[in-house]
Amino acid sequence: MREAMNNCDEELACSGDVEAFTRLIKKNERSMYRVARTILQSENECLDAAQEAILKAYHSLSTLREPRLFHSWLMRILVNECHRLARKTSKLM
């Protein structure tokens, strides 16, 4: 039942439901931080990467073909954002 509810949130979010998107982000926020922390050194960079990934995901929801793959899709956006920030930081040093 819980999985059906989660899939429902994923489908609702893809159709533009902001509350469903917010629930999905809340559900994934810990894993997002852990993933970012494995790539970036600074806690502030991790938080910045997560915030940017959330914004990019929200604006790109229409490109998500399979709502059930929301978690993987979100994590890929986050990893890309972490790598972008890491490159930017290394260029500054």
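One-based numbering along the sequence shown. Here the structure is a predicted model, which means the values were calculated and not measured.
The shortest side-chain heavy-atom distance between W73 and E66 does not fall under the 4.5 Å cut-off. In this structure, K27 and H71 have side chains that are not in contact, with every pair of non-hydrogen atoms separated by 4.5 Å or more. Side-chain contact between R76 and V79: present, with at least one pair of heavy atoms (C-beta onward) separated by less than 4.5 Å. Under the 4.5 Å side-chain criterion, counting only non-hydrogen atoms from C-beta, F21 is not in contact with D9.
Among all heavy-atom pairs drawn from T89 and E45, the shortest one is OG1-OE2, 2.7 Å. A pairwise comparison of heavy atoms in L74 and M32 identifies CD2-SD, 3.7 Å as the closest pair. Between M75 and V35, the shortest heavy-atom distance links the atoms SD-CG2, 4.1 Å.
From S72, atom OG reaches atom CG of L64 across 10.0 Å, with rounding to the nearest 0.5 Å. With values rounded to the nearest 0.5 angstrom, L40 atom CG is found 9.5 Å from D48 atom CG. Annotation: the span from Q41 atom CD to L85 atom CG amounts to 12.5 Å, rounded to 0.5 Å.
Although no hydrogens or angles enter the test, the distance criterion places a donor-acceptor pair under 3.5 Å between the side chain of N28 and the main chain of L24. Distance alone, capped at 3.5 Å, places no donor-acceptor pair between the R34 side chain and the T38 backbone.
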Quick one: side chains of residues 49-61, donor-acceptor pairs under 3.5 Å with protein atoms, not counting sequence neighbours, listed by atom name and distance.
residue	atom	partner	partner atom	Å
K56	NZ	E81	OE1	2.6
S60	OG	K56	O	2.9

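The same ILVMFWY cluster, assembled from side-chain heavy atoms under 4.5 Å apart, contains both V18 and I25.
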